[in-house]
Amino acid sequence: MGRVMYICLCRGLTEADIEAAGRAGHTTADDLIAVLGLDHPRCCGRCQRDIDDFVDLAERAARPVTTPLVQA
Ligand code: FES
C-alpha cells in the first residue's frame, strides 16, 4: 500500500478527498470550505486561506478525462 499524503492535518484530508469532492461537483471555494468542514472552529485556518489550491485540485478532478486522438 502506498503512503498517504495529508494536505489538511486539522481535518485529516488527502488530495484524494479534495478530488472526490470535485468529482461530486464541489468546485467553488465556499462549497469546498463547507463540504470539507474547513470552517470548523478547531481548524487552524490555513486551508481556508489557501483555498485556491483546493479549488484547482477539485476543478482538475471534475473535468472529464479526454483521450488524445491517435492518427493512423
Ligand atoms: S491544516 Fe487544514 S485547516 Fe488546519
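Just so we're clear, the structure is a prediction, and the values are computed from it rather than from any experiment. Along the sequence shown, residues are numbered consecutively beginning with 1.
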Drop me the distance from D39's CG to D30's CG, to the nearest 0.5 angstrom. 9.5 Å
Give the minimum heavy-atom separation between C8 and R46, together with the two atoms involved. CA-NH2, 4.2 Å
Which heavy atom in T28 sits nearest to a heavy atom in D31, and how many Å separate them? OG1-CB, 3.0 Å
Looking only at heavy atoms, what is the nearest atom pair of F54 and L36, with distance? CD2-CD1, 3.9 Å
For a 4.5 angstrom cut-off between non-hydrogen side-chain atoms, does I7 reach D53? no
Treating Ile, Leu, Val, Met, Phe, Trp and Tyr as nodes and any side-chain heavy-atom pair under 4.5 angstrom as an edge, say whether V35 and L38 lie in one connected cluster. yes
Specify the closest pair of heavy atoms between A58 and H26, including all atoms of both residues, with the distance to one decimal. CB-O, 3.6 Å
Please tell me if the side chains of L32 and I51 come closer than 4.5 Å, counting only heavy atoms from C-beta onward. yes
Would a 4.5 Å heavy-atom cut-off, applied to side chains only, mark T14 and M5 as touching? no
CD1/I18 to CZ/R23 distance, rounded to the nearest 0.5 angstrom? 11.0 Å
To check you understand the geometry: which heavy-atom pair defines the closest contact between G22 and A62, and what is its length? O-CB, 3.4 Å
Nearest heavy-atom pair of C43 and G37: which atoms, and what distance? SG-O, 3.6 Å
